[in-house]
Amino acid sequence: MSLDEFQNAPIDEARRQLEICNACRYCEGYCAVFPAMTRQKQFASGDITQLATLCHNCRGCYYACQYTAPHEFDLNLPQALAEVRAESWQALAWPIGFARLFQRSGLAVALAFVVGFALLFWLARALPNGGGEGFYAQLSHNALMAIFLPAFLLPLVAIIVALRRYWALVGGGPIRARHLLSALHDAARMRNLDGGQGQGCNFEVEDRFSGARRSAHQLVMWGFLLCFAATSVATLMHYMMGWHAPYALLTPPKILGVPGGIMLVVGTIWLARLKRRADPELSAKSVASGEMGFVALLFLTGASGLALYAARNTGAMPLLLALHLGAVFSFFLLMPYSKMIHGFVRLAALARDAQDRS
Amino acid sequence: MTLDATEWDVIVVGGGNAALCAAIEAAETGVSVLMLEGAPKPYRGGNSRHTRNFRCMHSGPLSVLTDSYGIDEYYDDLLLVTKGRTDEGLARLAIATSEDCLPWMEAHGVRFQPSLSGTLSLSRTNAFFLGGGKALVNAYYNCATDLGVTVAYEAQVRHVEISGNRFESVEVEIGGETLRIRGRAAVLASGGFQSDIDWLARAWGEAARNFLIRGTPYNRGVVLKDMLDQGAESVGDPTQCHAVAIDGRAPKFDGGIVTRLDCVPFSVVVNKNGERFYDEGEDVWPKRYAIWGRLVAAQPDQVGYSLIDAKSRDLFMPSVFPPIEAGSIGDLADKMGLPRAEVEATVAAFNAACRPGDFHPTELDGLATDGLEPAKTNWARPLDTPPYYGYSLRPGVTFTYLGLKVDDTARVTGSGGLYDNVWAAGEIMAGSILGQGYLAGFGMTIGTVFGRIAGREAAAHVA
Ligand SMILES: Cc1cc2nc3c(=O)[nH]c(=O)nc-3n(C[C@H](O)[C@H](O)[C@H](O)COP(=O)(O)OP(=O)(O)OC[C@H]3O[C@@H](n4cnc5c(N)ncnc54)[C@H](O)[C@@H]3O)c2cc1C
Ligand code: SF4
Ligand code: SF4
């Protein structure tokens, strides 16, 4: 992608603000954005995208800024960087138009996908199931795999394309293990959401600090990873050990999946509430729906999974199974276009930052 | 609640660092405290919201401060800049107390960070606020609110009513309405008068109308003047203000730190007639920052122009406004509205006076001009590598020196001796300690030390 494609209004506005910050630097201790910024004097589009991607919208630098409106410098760095992020994720995604659709009307798209696919799975029960039992009385495992493998692989390809585009845009060099390790370490702790000294962020309580968003976000991330691990383990058990679902509580898929599902559900509800309390003027308003849509998608995935487990021996099982499959399927399919992409790109940005520092 | 319905124990006038420290100390003793901040909420915190650090004595590593910084060294640093115009007793009190202030600040919500990139030279003496002065101000407002302090914004105090030696009430304008609010003690912490341009012009001369004010437009000295008119004793030179050279394109008020320009030592500075007027390379910039405010103030129209070439572009902190750029010195002069021929001649003469030698941007390198008047005694390299860049310079006022005279309990002195129940803290009394010059980070030290003392003393008086 040529850099010119990134010559857009959000980039210009972010550059204007970053040049003010670079002459000030008071916020240096809040997050990785400022030290990365001070390593430069002039900001190319790729540099700005990299800085924007490092930002977690903690808002510390907004409430600490002596130049916010009504001051004529009109600083609002959290929002300026959020707009750049929104633009760049849309431009990195492939195909492009779809990401835009999701960001503008995410909640509607997410619900439409989940309901639509749930319906399809419900109808697919009519297909011959080869005499499976339990869940597979509803839909044979092979049929499931035939549907899910492409739904998993295609988005994966799209994400790899996006990451390669990102890496080229920010001028990344060859990646070393230590860059990745550093990135994973920062991401696992969400270091950049702790306000620099563990006091947390200013997300939902204005100029007071709170660790709520970081905790909620941790719940979602680790909950999601546990659920993902549960699914992966189950797939391995199915094929390598011939051990088929449904699984009892004390089996690896459930030991991972049940707590994971609970964390995902609690975390997403918490995040959604925090988002509703936060000042919308400090984030990218155009993508608010996309963000809520993504949270809703995660919630539906976790909640339907838990419900399915709870009601596995009742008459509601077929319906819940269709719903859960619909949610998981939609989640994977929408990965490159929903906010899920931020997890990947952010990791890349952290790796790039580690590279830059070394 | 209507603010004038009750008699408050302590009324604090102002809403910056000194006022907040006083309000917090007083409220912690359990007395009722009303804080009257003249600015609207988004601009609360006066000049304190523009600060980045405070200067702190310490006998060993303390929080983010390295090594040690003892009372005598600190005091000597102060004497050096004030040329002796300082009250030794109050100065030593401020310095000695600063060491306790740091943990107190942390306990009341202030966070510190290692000294900012580009300011390593201050890592031993000055503790930097995480997020800067506005973050500090926010933390204190939250702390004060939690302690039950009542804060009124857009509350402009017009008059402090004193009968005999006793403070009775303040007259304050809030939302177009004038209230008379009674109190049992007052802490005055409403800053200097630098934002009253008429006053500045009367004190300094008409030239002051062209000065820019680096901080809040709300420090207009209304309370200071009111007190002086009622016979309060003053300290500090009434005609002087602390001014530094800043980017001439800065806003009239509140431009803050980002308008600073550090390019002078690497440049040729001319006035609007295209003539040089002072040794740009006299000393390292932090030591010459302040005198350039005066130098530029003495030039026609109170403006200077700092010219560099491509070699020096990356030697100083970026400024908030991009420089004017041109391919030749003549074109640069045109673009900056300077007389082309004069500037070309000045630069040609300067270039001809430059001598070969080693250039060291971070130390006095002795690379001086030869036979030039005025000489440039360090970092003198010819302007010969395009593109050329130019910045305009104007005096930016930080604060004024005139203040109220206080004793070591921060109590204000009137014509008949100390007032019974009036204290002052911060810029409004800093003239007692800083008679002239300025020591980076000392303004917040004075505000914190005397704000805390004033708050405690006022509360003890009403208890
Ligand atoms: C750009 C800049 C950077 C600086 N950096 C530093 C630094 O890094 N370290 C340092 O130590 N010092 C620094 N200083 C100096 C420092 O800002 C002052 O010494 C310090 O803030 C003074 O605190 P204060 O509380 O006395 O005054 P202020 O913080 O200015 O507060 C005065 C308050 O009084 C209010 N007020 C004024 N008139 C009235 C009225 N009539 N009624 C009601 N309220 C009124 C104002 O609105 C304001 O809230 C800097 C100054 C500037 C301009
Ligand atoms: S956000 Fe404001 S206070 Fe923070 S570095 Fe930027 S300009 Fe300075
Ligand atoms: S919002 Fe937070 S993470 Fe983003 S730049 Fe500001 S301080 Fe850093």
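Within every chain, numbering begins at 1; the chains are lettered A, B, ... in the order of the sequence lines, protein sequences first and strands thereafter. The basis for the numbers below is simple: all heavy atoms, side chains too, and nothing from hydrogens, waters or symmetry mates.
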> Grab the two heavy atoms, one from A:His71 and one from B:Asp254, that are nearest each other, plus how far apart they are.
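Heavy atoms only, the tightest pair is NE2-O, 2.8 Å.
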> Might you work through the side-chain contact (heavy atoms from CB on, under 4.5 Å) test for A:Tyr67 and B:Ile257, ending with a clear yes or no?
CA-CA 11 Å; A:Tyr67 300 121; B:Ile257 191 79; 4.0 Å; yes
> Let me check something: any side-chain donor-acceptor pairs from residues 174-186 of chain A under 3.5 Å, sequence neighbours excluded? List them with distances.
{"from": "A:His179", "atom 1": "ND1", "to": "A:Arg176", "atom 2": "N", "distance (Å)": "3.1"}
{"from": "A:Asp186", "atom 1": "OD1", "to": "A:Arg191", "atom 2": "NE", "distance (Å)": "3.0"}
{"from": "A:Asp186", "atom 1": "OD2", "to": "A:Arg191", "atom 2": "NH2", "distance (Å)": "3.2"}

> Between A:Asp207 and B:Lys41 (salt bridge meaning N to carboxylate O under 4.0 Å), is one present in this structure?
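Looking at B:Lys41 together with A:Asp207, the answer is no, because their closest N to O distance does not fall below 4.0 Å.
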> Can you say whether B:Phe128 sits under 4.5 Å from chain A via the side chain, the backbone, both, or neither, judging by heavy atoms?
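Looking at B:Phe128, nothing touches chain A.
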> I'd like to know which of B:Asn142, B:Leu116, B:Asn138, B:Asp314 tops the heavy-atom pair count under 4.5 Å against chain A.
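That would be B:Asn142.
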> On a heavy-atom basis, which atom in B:Pro251 and which in A:Phe73 lie closest, and how many Å separate them?
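Shortest heavy-atom separation between B:Pro251 and A:Phe73 comes out as CD-CZ, 4.0 Å.
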> Is chain B contacted by the side chain of A:Phe34, its backbone, both, or neither, given a heavy-atom distance below 4.5 Å?
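No part of A:Phe34 comes within 4.5 Å of chain B.
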> Answer with side chain, backbone, both or neither: which region of B:Asn53 has an atom nearer than 4.5 Å to a non-hydrogen atom of chain A?
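Neither part; nothing is under 4.5 Å.
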> Which bit of A:Cys24 comes within less than 4.5 Å of chain B, counting heavy atoms only: side chain, backbone, both or neither?
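When you check distances to chain B, atoms from both the backbone and side chain of A:Cys24 fall under 4.5 Å.
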> Counting only heavy atoms closer than 4.5 Å, note whether A:Gln42 contacts chain B via side chain, backbone, both or neither.
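Side chain only.
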> Select one option (side chain, backbone, both, neither) describing which atoms of A:Cys21 are under 4.5 Å from chain B's heavy atoms.
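Neither part, no heavy atoms under 4.5 Å.
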> Going by distance alone, is a donor N or O of one side chain under 3.5 Å from an acceptor N or O of the other, for B:Arg49 and A:Gln66?
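Note: B:Arg49 and A:Gln66 side chains miss the donor-acceptor criterion.
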> For A:Glu28 and B:Gln113, work out which heavy atoms get closest and say how close.
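Smallest interatomic distance, heavy atoms only, reads C-OE1, 3.9 Å.
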> So which part of A:Pro70 gets closer than 4.5 Å to some heavy atom of chain B, the side chain, the backbone, both or neither?
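When you check distances to chain B, atoms from both the backbone and side chain of A:Pro70 fall under 4.5 Å.
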> Would you indicate whether the side-chain heavy atoms of A:Arg25 and B:Met317 approach each other to under 4.5 Å?
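Yes, close enough: below the 4.5 Å cut-off.
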> Heavy-atom pairs under 4.5 Å with chain A - which of B:Gly131, B:Gly256, B:Gly133, B:Ala139 has more of them than the others?
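Most heavy-atom pairs under 4.5 Å with chain A: B:Gly131.
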> Testing the basics here: between B:Pro318 and A:Asn22, what is the closest heavy-atom pair and its distance to 0.1 Å?
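In terms of heavy atoms, the two residues are closest at CG-ND2, 3.7 Å.
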